[in-house]
Amino acid sequence: MNIEQARFNMIEQQIRPWEVLDPSVLSLLSVVRREDFVPAAYRSLAFVDMEIPLLEGGARGMCMLQPKVEARLLQELAIGKHEKVLEIGAGSGHMAALLAHKAQRVLTLEIHPELARMAADNLRRAAIHNAEVRHADGSKLTLAEGPFDAILASGSVAQVPQQLLSQLKIGGRLAAIVGQEPVMRAVIVTRTGEHEFHSVEIFDTVAPRLQGFDEPSRFSF
């Protein structure tokens with residue numbers, strides 16, 4: 001396989017047609033080597049328009065999201081170099097690597113210990129020094145490091161989680177894929193005040209559920 005041609009095709013045929021037009025995001029997808037974050041058994045699928053299993057047996061929920069979904073979420077969050085970012089669901093560390101190139105600091109939480117180790121190893125090999133992987137349950141944690149400028153749920157949730165919204169700074173944004181199969185929507189929620197939030201739906205998709213985020217939240221807009 002011609003790796004660079006496959007990467008080019010991924011960007012031009014999958015990602016750009018999905019309204020990912022930010023030049024900084026498109027160029028970053030050429031810099032961060034997606035194939036280095038894919039398990040060896042699935043490396044030939046690194047640039048395919050599909051979710052990629054991360055653990056043996058391909059357990060649903062333990063996967064990399066489709067390239068176009070990752071890229072669109074990254075674009076819509078519009079991370080700045082001065083910003084502190086929280087990710088729920090480190091997976092292989094690929095999204096954390098993308099975020100780290102845009103942000104000042106990234107904290108990524110992973111409930112599965114094997115994936116937490118995988119993500120940390122991958123980020124170290126990629127020479128990413130401003131992203132920390134922590135083995136933790138993002139659905140139950142209150143973080144001393146908060147509040148954050150941006151939060152990304154790298155998987156789906158039943159509803160926008162109140163415990164994550166409380167970790168946002170005023171002016172901060174949260175990106176999540178919300179709903180139940182077969183209908184889910186990616187949303188951006190901006191904290192506009194102490195108790196005020198504004199939500200925008202950006203696209204329809206389906207993604208595996210993040211562990212611990214099955215219960216509907218009591219929060220509503």
Side-chain angles (χ1 to χ4, degrees), residues 1-12 14-16 20 22-48 51-56 62-136 138 141 143-146 148-155 173 175:
M1 178 174 65
N2 183 326
I3 292 287
E4 294 312 317
Q5 185 63 51
R7 194 188 324 280
F8 176 85
N9 291 345
M10 175 190 73
I11 293 169
E12 296 301 320
Q14 298 174 40
I15 292 172
R16 193 185 290 273
V20 180
D22 183 337
S24 69
V25 171
L26 294 171
S27 63
L28 187 55
L29 296 171
S30 296
V31 172
V32 177
R33 295 170 56 86
R34 181 178 170 86
E35 67 273 21
D36 292 344
F37 292 85
V38 175
Y42 300 105
R43 197 149 293 164
S44 64
L45 303 176
F47 306 108
V48 176
E51 295 164 357
I52 298 179
L54 293 175
L55 295 176
E56 189 174 343
M62 304 299 180
C63 69
M64 292 176 72
L65 296 177
Q66 295 160 277
K68 65 189 182 186
V69 172
E70 288 186 328
R72 183 76 185 275
L73 291 172
L74 182 66
Q75 173 180 267
E76 300 301 330
L77 272 176
I79 304 296
K81 275 293 186 185
H82 62 288
E83 292 190 312
K84 182 169 60 174
V85 181
L86 172 67
E87 181 192 20
I88 307 298
S92 69
H94 181 252
M95 194 69 191
L98 294 170
L99 291 166
H101 277 272
K102 304 277 285 182
Q104 181 182 81
R105 178 170 178 252
V106 176
L107 173 61
T108 181
L109 307 182
E110 177 52 61
I111 194 170
H112 196 291
E114 187 176 343
L115 289 183
R117 288 191 295 271
M118 178 193 298
D121 288 345
N122 286 341
L123 288 166
R124 185 171 56 254
R125 280 192 293 267
I128 303 291
H129 303 298
N130 62 329
E132 175 193 348
V133 181
R134 187 174 299 173
H135 175 216
L141 213 56
L143 295 164
E145 291 90 345
F148 295 87
D149 298 287
I151 299 174
L152 172 63
S154 285
R173 296 88 61 210

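When all heavy atoms are compared, the tightest approach of A97 to V32 is CB-CG1, 4.0 Å. Taking every heavy atom of both residues into account, T108 and G89 meet most closely at OG1-C, 4.2 Å. When all heavy atoms are compared, the tightest approach of A90 to A119 is CB-CB, 4.0 Å. In terms of heavy-atom proximity, A131 sits nearest to A100 at CB-CB, 4.2 Å. The minimum heavy-atom distance between V38 and A46, with the atom names listed, is CG2-CB, 3.9 Å. In this structure, L54 and S92 approach most closely via the heavy-atom pair CD1-N, 3.6 Å.
Considering CZ of F47 and CD of Q5, their distance stands at 11.0 Å, rounded to 0.5 Å. The distance from the CG atom of L65 to the CD1 atom of I52 is 10.5 Å, given to the nearest 0.5 Å. Distance check: I128 CD1 to H94 NE2 gives 10.0 Å after rounding to the nearest 0.5 Å. Here CG of N130 is found 8.5 Å from CD of Q104. Values are rounded to the nearest 0.5 Å. Remark: M95 CE to L152 CG distance equals 5.0 Å, nearest 0.5 Å. From R134, atom CZ reaches atom CD1 of I111 across 14.5 Å, with rounding to the nearest 0.5 Å.
Counting only heavy atoms from C-beta outward, the side chains of M62 and E114 never approach each other to under 4.5 Å. The shortest distance between side-chain heavy atoms of D36 and N122 does not fall below 4.5 Å. When side chains are defined from C-beta on, H112 counts as touching L55, because their heavy atoms get closer than 4.5 Å. Counting heavy atoms from C-beta on, the side chains of L29 and R34 never come closer than 4.5 Å. Side-chain contact between L99 and E87 is present, with at least one heavy-atom pair separated by less than 4.5 Å. For the pair I79/R173, a side-chain contact is recorded, criterion being any heavy-atom separation below 4.5 Å from C-beta on.
Without hydrogens or angle criteria, D149 side chain to V85 main chain gives no donor-acceptor distance under 3.5 Å. Under the 3.5 Å distance criterion, the side-chain polar atoms of K68 are left unmatched by any main-chain donor or acceptor of I11. Using a distance-only test at 3.5 Å, with no hydrogens or angles considered, no donor-acceptor pair links the side chain of K102 to the main chain of L28. Panel note: side chain R43, backbone E35; a donor-acceptor pair is recorded below 3.5 Å.
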task = Take E110 and R117 through the side chain to side chain contact (heavy atoms under 4.5 Å, CB included) test and state the conclusion after the steps.
result = CA-CA 9 Å; E110 177 52 61; R117 288 191 295 271; over 6 Å; no

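Electrostatic pairing of E4 and R7 counts as a salt bridge here, judged by a charged N lying under 4.0 Å from a carboxylate O.
No option in R72, Q75, E76 other than Q75 meets the side-chain contact (heavy atoms from CB on, under 4.5 Å) test with D22.
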